Every structure is written in structure tokens, then in C-alpha cells.
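Heads up: the structure comes next, in C-alpha cells.
A, B, ... follow the sequence lines: proteins, then strands. Residue 1 opens every chain. Excluded from the calculations below are hydrogen atoms, water molecules and symmetry mates; all remaining heavy atoms, backbone and side chain alike, are included. Not measured: the values here are computed from a predicted model.
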2 protein chains.
Amino acid sequence: MWYLLYIASFCNRLHSELLAAASSFTAITLSAKEDRSAMSSIKEVAKQANVSVATVSRVLNNDPVVKPATKNKVLRVIKEMNYKPNMLAKNLRKQASRTIVMVLPSMSNPYFSEIARGAQAAAYDNAYNIIIGTIESKRWILDTYINMLKTNLAEGIVFVSSSVNKELLEELMDEYKIVLCTEYYPGINATCVAIDNKRAGYEATKELIRRGCSHIAYITGNRESSSVTARIEGYKEALKEAGIPYRPDRIAGAKNRFDHVKEAVNGIIGQGLPIDGIITHSDLQASYILKGIKEKSIALPERVGMISFDGTFLAEITNPTITTIVQPLYDLGYTSVHKLILKLVNESAEAGEEEGLVLLPHHMVIRET
Amino acid sequence: MWYLLYIASFCNRLHSELLAAASSFTAITLSAKEDRSAMSSIKEVAKQANVSVATVSRVLNNDPVVKPATKNKVLRVIKEMNYKPNMLAKNLRKQASRTIVMVLPSMSNPYFSEIARGAQAAAYDNAYNIIIGTIESKRWILDTYINMLKTNLAEGIVFVSSSVNKELLEELMDEYKIVLCTEYYPGINATCVAIDNKRAGYEATKELIRRGCSHIAYITGNRESSSVTARIEGYKEALKEAGIPYRPDRIAGAKNRFDHVKEAVNGIIGQGLPIDGIITHSDLQASYILKGIKEKSIALPERVGMISFDGTFLAEITNPTITTIVQPLYDLGYTSVHKLILKLVNESAEAGEEEGLVLLPHHMVIRET
DNA sequence: CTGAAAGCGCTTACAG
DNA sequence: CTGAAAGCGCTTACAG
């Protein structure tokens with residue numbers, strides 16, 4: 001019907017009149033669904049309220065300039081017609097989607113879901129939409145999100161963990177608003193929200209030493225990542241302080257998969273290096289070590305001292321429960337998004353001023369391992 | 001600069017010429033960032049390629065009607081200028097955001113992340129954007145997502161688990177495209193993708209009976225939910241078949257929290273009802289029971305027969321590992337989104353024809369419990 | 001095969 | 001305090 005009306009009217013005014021006629025007609029005879037599509041514009045509200053579309057727009061945007069009486073009249077009509085603004089139009093007009101994206105490597109690790117939860121909260125607190133996406137190690141998925149930036153669907157992006165590589169980041173940085181979460185890139189002056197990984201690595205190692213461990217293995221994530229590097233620095237420092245020689249071959253990288261972790265640990269043991277304590281990059285890795293010990297595919301004593309990173313609920317449901325460095329995951333997500341939105345809103349501020357590392361506090365929770 | 005240009009030119013043509021002049025100027029002197037904002041429209045591409053904006057648009061949309069030579073010329077200019085279409089404009093023009101939303105109760109349970117992963121894949125396979133959001137039991141968050149529907153930012157929605165109540169669903173159903181995932185509402189004719197919960201409940205119970213259990217407790221989720229009801233039906237049926245009396249007080253609801261689960265189990269035991277087998281609504285609940293048994297806050301034997309639902313990785317990292325009904329979570333997410341997009345694309349098809357329950361296969365994995 | 005023009009539904013400087 | 005009008009950057013029926 002809409003379509004037919006359109007062909008039938010070349011003149012704008014005529015068109016509107018027909019529409020109005022149709023609209024009052026439909027109010028009686030058509031279902032809510034069809035009615036909605038026929039009256040969804042600001043123009044219809046304006047007509048009903050006997051004001052211009054400009055005034056309706058002002059009311060919608062809470063412009064204090066409109067006379068209270070006018071405002072109330074318009075508000076009443078808006079409610080009556082159950083009018084909802086079309087954000088597609090608003091976005092185009094304002095050249096802003098009020099949407100940001102956060103990309104995560106995956107969602108299978110509860111580590112990431114906590115970060116996402118904080119991110120979501122920050123977005124809503126600032127009336128932004130947020131699209132949280134997981135890369136799943138597929139470059140084309142990442143490209144999809146970056147494309148949202150390029151096609152104006154998103155205004156900024158936060159990369160969590162190593163969801164972006166250094167080259168791509170550099171390329172994007174001078175064109176888009178970006179915040180990094182938990183991982184930074186040395187030499188790149190970007191905003192990054194993380195914990196003090198060096199200190200945390202130091203503290204974990206120190207705790208194991210306190211318990212009498214002197215052969216401490218370190219199962220890391222990606223060896224190139226800044227968090228890994230920093231934690232290892234802390235690890236080395238604690239060893240040095242205690243006069244324990246540092247052995248690089250007691251460090252092994254592993255992904256968050258059982259087979260990887262098993263190989264990493266067994267690899268160290270296979271070199272003839274005894275292990276009486278372990279630090280892992282994640283709770284998930286620690287849980288896999290426990291699994292391996294139990295099923296005897298990892299040749300470690302039942303009660304090996306182990307400290308993991310993250311502090312997700314996983315560390316509480318294993319048997320034994322895991323001692324862990326608790327990262328403020330929710331806050332990490334919240335703060336990243338908050339910083340990004342600050343950048344977005346604060347266009348005028350010199351970009352350079354706000355960049356840099358933001359460190360959030362962590363703490364250790366001692367459990368059974 | 002853009003702003004000044006604008007004030008200086010009231011005539012469209014003059015405006016464009018100034019812009020063009022500025023653009024060739026900036027190509028030499030300004031950074032990529034500023035250059036971008038100055039040349040980002042289809043109009044500029046048209047000018048450079050000596051064609052109309054209509055032709056550029058046709059090329060962009062792969063309209064086969066354009067002459068190959070023209071097409072190549074335009075394509076070259078697009079590449080040269082590094083032009084990216086403004087989706088904000090396209091969306092408004094086409095009155096379609098090509099975006100759908102999936103709402104989940106939370107993301108802390110890996111159960112939901114797997115569903116989300118499948119959903120994401122389905123969206124991308126169909127060139128849709130997807131916004132995955134978690135309610136966290138807050139009605140205002142849910143309203144935010146529903147508002148995306150109302151303001152044209154999203155074209156459809158899938159509700160996972162009990163992220164929506166019956167009343168709201170009924171209200172939304174005749175105005176928007178909706179798919180339910182894992183949970184349906186009796187009496188509401190909506191598309192729902194789930195497993196055969198009754199059969200799964202039957203199978204789990206049957207397995208426990210086969211092992212000699214006759215005092216089987218059932219820790220459920222929300223008692224009103226369709227999946228719970230169906231599983232309990234299957235549970236009853238299996239008991240009946242084995243001639244075991246059904247005791248409603250051996251069923252207790254609990255949220256996915258340790259304290260809730262503990263209370264639920266202890267509540268049953270406290271009534272003087274012995275338990276030699278347990279079925280739980282989720283892996284998470286089962287892991288909590290294991291935790292409770294270990295720390296002796298739940299008075300159950302170490303080796304109680306237990307079967308959980310979901311089949312997430314949680315069931316593998318506990319000690320003992322958990323026997324579980326594996327739901328095809330990824331497929332559940334994928335199929336829900338796929339069905340939704342089918343509805344979106346297939347406007348013409350009678351809505352009623354496609355509605356109904358879609359059942360996906362599950363299976364049981366026997367582990368240590 | 002291509003272009004001129006209208007229009008998607010908003011916002012906002014300008015004039016009154 | 002309010003309205004008329006231009007414009008955000010696209011798409012598409014229509015004419016040629």
C-alpha cells in the first residue's frame with residue numbers, strides 16, 4: 001500500500017496528505033503492526049501535534065529552549081502514537097553510531113567473559129552501544145570488526161589480550177580511536193589498561209619461594225606478549241633476590257588447551273629438570289595441569305605448589321582448588337571502555353596527553369595448590 | 001576547515017568545487033587521517049571517475065548492468081581513494097540495519113559462550129552483524145536490546161534460555177522477528193531451537209537406574225522453564241518404567257551458584273530422603289556438588305552417581321570428571337540465528353508456516369561420576 | 001548502459 | 001520560542 005501511494009504521488013504535499021489520510025484510516029482498521037510502519041516518522045508526530053518537525057526533534061533531544069506547553073503537547077502525541085525515533089536516521093545525520101566494539105580472542109575462557117561484562121556495563125553507563133566479538137583466531141573475523149570502524153558503524157575499538165598484532169595496530173592507530181586491554185606493545189604509544197604484570201609475577205614467584213620451592217617452572221602464554229614478558233621479569237627478579245639460579249628452559253609456552261599444557265610441562269620434566277613449583281599464565285592452564293596430574297599423564301606430585309593467573313571461578317571448582325593471582329577483570333573491561341569513550345567524547349583534547357598505561361590493582365588468593 | 005568551507009558556500013556547486021580543490025590540495029599536504037574525512041563520499045568517487053553517483057552506487061552493489069569498462073574505472077578510483085561506503089547512510093536508505101541481537105542471561109557459564117560462538121558464525125555466514133548481550137538479571141539491560149528493535153537498529157532478536165518472560169515475548173511477537181533458543185513457552189507459537197529435553201531427561205535417569213540407583217535426586221534450574229519441565233517428565237517416565245516410585249521432594253531448584261546448589265541438595269537430604277544418584281541442570285551445578293562433597297559441606301558419598309546437562313569443558317576439568325548430556329551448543333546458537341535470518345529475508349513467506357520447535361540431537365558422555 | 005532527482009528520517013544553523 | 005530548509009551519504013525508479 002505504501003508503495004502504491006508512492007507511485008501515485010509525485011508531489012510531496014500530495015504525498016503527505018494521502019499519507020495522513022491513510023494514517024487516520026489505519027488507526028481504526030489496521031493491526032498495530034501495520035499501523036506502526038505507517039506512522040513511524042517525526043513528520044507524523046509533528047502533524048498530530050501541530051508543530052514543525054524541528055520542534056519535535058528539539059523535544060526529543062530535550063532542548064531546553066522549547067516552551068513547556070509545547071513540549072508537553074508533543075510529548076503527549078509521542079506517547080499516544082507510540083513513536084520511537086529511527087536511530088538509523090539520527091546516526092546518519094549526526095555522523096555517529098554511538099557504538100563501539102570490543103574484540104576478544106575467544107569467549108571460552110571465563111577470563112574473557114568477565115572482561116566483557118565490565119565492558120558492557122561501561123558502555124551502558126555512557127549510553128553507548130557495544131558490540132563484543134570474538135576472533136577465534138580467524139583474521140577475517142577481525143577484519144569484519146575493523147570494517148565497522150571504516151564504514152562508520154563503530155566509533156572506536158578496544159582490543160583485548162592479543163587480539164591484534166603490532167603492525168595492524170600501528171596502521172589503525174592514526175585513523176581510529178583505540179584502547180588496549182591487558183596487553184600493550186612496546187614502542188607504541190597507545191592507551192592500555194592492565195595489571196602490573198611484573199609485580200604480579202614477582203609476587204607469585206615469591207610466594208612459591210616462601211613455601212620452600214626452588215625449582216619453579218613457568219607455563220606462559222604467547223612468549224612475545226607484553227604480559228608474559230613482564231611476568232617473567234618479575235619471576236626472574238624474585239629468583240635473583242632469593243639467590244636461585246634462573247633457568248630459561250624451565251619456562252614453556254602453551255595455549256589454553258590440555259594437550260599443549262601437558263606437552264609444555266612434560267617437556268620441562270623431560271629435560272631432566274625437576275619441578276617443585278609451577279606458575280601458569282591462566283587458571284585454565286592450571287586446571288589442565290591438575291587434570292594431567294590426576295590421570296598421571298603429567299609426572300608431577302599431587303601436591304605440587306601451583307599459582308595461576310586470572311582468578312576466575314575455575315580456580316574454585318577444581319580439586320584441589322587453585323591459588324591464583326586475581327585480576328580485576330570486570331574493572332579491566334569497564335575501564336578500557338570508559339577510557340575509549342572519554343577519547344571519543346573528548347575529541348578536542350590532545351590525543352597524546354591521555355595515552356599510556358593504566359594499571360589496576362591485583363591480589364593473590366591462597367587456596368589448596 | 002570543513003566547517004569554514006561550508007559557511008563560505010551557499011551554492012551547492014561552489015561548495016563541491018571548493019571541496020574538490022581542497023581534496024587535491026590535501027592529497028599532498030595533509031595526513032591520511034584528515035584526507036580521509038575530506039573525501040569519504042560517493043560523490044567524490046563519482047567526480048574522480050567521471051560518472052554519476054548512481055553509477056558508483058551500482059558498482060558498489062555489483063549491479064551487472066554497468067558496462068565492464070565503467071565498472072573497472074570506478075573500481076580503480078575506489079581503490080585509489082581508499083573509499084569505504086558509509087553504512088549509516090546505506091542503512092537509512094534501505095531501512096535495514098542488517099543487524100540482529102542475541103540476548104543471553106549471562107556469559108559466566110561456558111554453556112552460553114558456546115551458543116554465542118555458533119550465533120556469531122551464523123551471522124557472518126549471512127553477512128549480518130550480531131550484537132550479543134547479557135542480561136545479568138537486569139530488566140533495564142533487556143530493555144536496551146529491545147529498544148534496538150524499536151529504533152530500527154536491529155532487525156530481529158533471539159532470546160536464549162529464559163532471558164525473556166512470557167508476557168513480554170507475547171507483546172513483542174506480533175511486531176518483531178523473534179527466535180527462541182533452548183527454551184519455549186507453551187501456548188506461544190514461536191520458533192524455538194532446542195534439544196529433546198524430555199528424551200534427554202529420560203536417558204539420564206535410565207543410565208543412573210542401570211547402574212543400580214533408585215534414589216535419584218534432581219537439581220533443576222527455574223522450575224517454570226520448559227526445559228526443566230520436559231526433563232522432569234522424562235525423569236518420571238524412566239522411574240515409572242523401572243517401577244521406582246516418584247517423589248516430588250527429591251526435586252529441588254537451584255541457581256548456578258554454589259550456595260544455592262548446596263542448599264538444594266542438603267534440603268533433600270535434610271528431609272530424610274536418601275540419595276544414591278543425582279541429575280543436575282548444568283555442568284556448573286554438578287561441579288558445585290563435587291566441591292561440596294569434597295569440602296564435606298554436602299553430605300553425599302564421594303562416588304555418588306551424577307549426570308549433568310550441557311557438556312561444557314567444565315565437566316572435564318573437575319575431579320572426578322562428570323558424566324554429562326552433551327547439548328549441541330554451537331549448533332543451537334548457529335541454528336537459532338540462521339532461522340531468524342531466514343525469517344528476515346523471507347518476508348513474504350507466511351510466518352506461521354515456519355514456526356515451531358526445532359530439535360537438535362544430544363548425546364551422553366560417560367565419565368567418572 | 002547511465003544520469004538526474006527524489007527520498008530514507010532525522011538535526012541544526014538561520015531567520016523571524 | 002518556532003519553522004523552513006538544507007543536508008547527512010546513500011539507493012533506485014524513471015527517463016533517455
Side-chain angles (χ1 to χ4, degrees), chain A residues 2-16 19 37-47 49-71 73-74 83-98 151-153, chain B residues 2-13 15-16 19 37 39-47 49-71 73-74 83-98 151-153:
Chain A
W2 172 271
Y3 181 70
L4 288 176
L5 266 179
Y6 180 66
I7 312 190
S9 67
F10 297 101
C11 164
N12 239 329
R13 192 155 299 271
L14 174 58
H15 182 197
S16 300
L19 239 176
S37 68
M39 67 98 211
S40 59
S41 98
I42 211 175
K43 218 153 108 188
E44 297 302 310
V45 175
K47 187 160 300 173
N50 263 309
V51 296
S52 70
V53 292
T55 298
V56 177
S57 174
R58 288 191 190 101
V59 170
L60 249 18
N61 292 289
N62 249 311
D63 189 331
V65 90
V66 307
K67 205 165 58 176
T70 315
K71 183 174 176 175
K73 184 173 56 174
V74 172
Y83 165 79
K84 288 281 174 184
N86 184 330
M87 293 304 286
L88 264 23
K90 178 167 186 165
N91 287 349
L92 171 61
R93 179 53 228 249
K94 303 203 81 171
Q95 289 291 51
S97 59
R98 274 199 93 80
T151 61
N152 299 45
L153 285 178
Chain B
W2 172 273
Y3 182 70
L4 288 176
L5 266 179
Y6 180 68
I7 312 190
S9 67
F10 296 102
C11 163
N12 238 329
R13 191 156 299 271
H15 182 198
S16 300
L19 239 179
S37 67
M39 66 97 211
S40 60
S41 99
I42 212 176
K43 216 152 110 189
E44 297 300 309
V45 174
K47 187 161 299 173
N50 263 308
V51 295
S52 71
V53 293
T55 298
V56 176
S57 175
R58 290 192 188 101
V59 170
L60 248 17
N61 291 289
N62 250 310
D63 189 331
V65 87
V66 307
K67 204 165 59 174
T70 315
K71 182 175 177 175
K73 186 172 56 177
V74 172
Y83 167 79
K84 288 279 175 186
N86 184 330
M87 293 305 286
L88 262 25
K90 179 168 185 164
N91 287 349
L92 171 60
R93 182 51 230 248
K94 304 202 80 172
Q95 288 293 49
S97 59
R98 275 199 92 79
T151 60
N152 298 46
L153 285 178

Option among M87(A), K94(A), Q95(A) that satisfies the side chain to side chain contact (heavy atoms under 4.5 Å, CB included) test with L88(B): Q95(A)
Whole-Å gap separating P (dG3(D)) and CG (D63(A)): 13 Å
C1' atoms of dT12(C) and dG16(C), separation to the nearest Å: 16 Å
Closest to the T70(B) side chain, choosing from dC10(C), dC1(C), dC1(D): dC1(C)
dT2(C) phosphate, OP1 or OP2, under 4.0 Å from T55(B) side-chain N/O: no
side-chain contact (heavy atoms from CB on, under 4.5 Å) between S97(B) and N152(B), worked out: CA-CA 7 Å; S97(B) 59; N152(B) 298 46; over 6 Å; no
Of the listed nucleotides dA4(C), dC1(C), dT11(D), the one nearest the side chain of R58(B): dA4(C)
Separation of dG9(D) P from K47(B) NZ (nearest whole Å): 13 Å
d(NZ, K90(B); P, dC10(C)) in whole Å: 21 Å
Short side-chain N/O contact from Y83(B) to OP1 or OP2 of dC10(D), under 4.0 Å: yes
5' precedence on DNA chain C between P68(B) and A54(A) (nearest-nucleotide basis): P68(B)
Side chains of V56(B) and V51(B) in contact at under 4.5 Å (non-hydrogen atoms): yes
Nearest-angstrom distance from the residue atom CE of M87(A) to P of dG9(C): 15 Å
Residue Q95(B), side-chain atoms from C-beta onward, closest of dG9(C), dC10(D), dT2(C): dG9(C)
Under-4.0 Å side-chain N/O to phosphate OP1/OP2 contact, K94(B) with dT12(D): yes
Whole angstrom value for the distance that separates C1' of dG9(D) from CG of L153(A): 13 Å
Residue V65(A), side-chain heavy atoms: nucleotide from dG3(D), dC10(D), dC1(D) that is nearest: dC1(D)
Side chains of N91(B) and L153(A) in contact at under 4.5 Å (non-hydrogen atoms): yes
dC1(C) and dA5(C), which share atom name P, separated by this distance in whole Å: 24 Å
N/O (side chain, N61(B)) to phosphate O (OP1/OP2, dT11(D)) under 4.0 Å: yes
Note, K71(B) side chain near N62(B) side chain (heavy atom, < 4.5 Å): yes
Nucleotide paired to dC1(D) in any strand shown, Watson-Crick or G-U, under 3.5 Å: dG16(C)
Protein-nucleotide distance (N62(B), atom CG; dT12(D), atom P), rounded to Å: 14 Å
Spacing between K43(B) atom NZ and dG3(C) atom C1', to the nearest angstrom: 15 Å
Side chain of L92(B) - closest among dC8(C), dC10(C), dC1(C): dC8(C)
Distance in angstrom units between K84(A) NZ and dC10(C) P, rounded: 13 Å
Side-chain donor/acceptor of N61(A) to backbone N/O of D63(A), under 3.5 Å: no
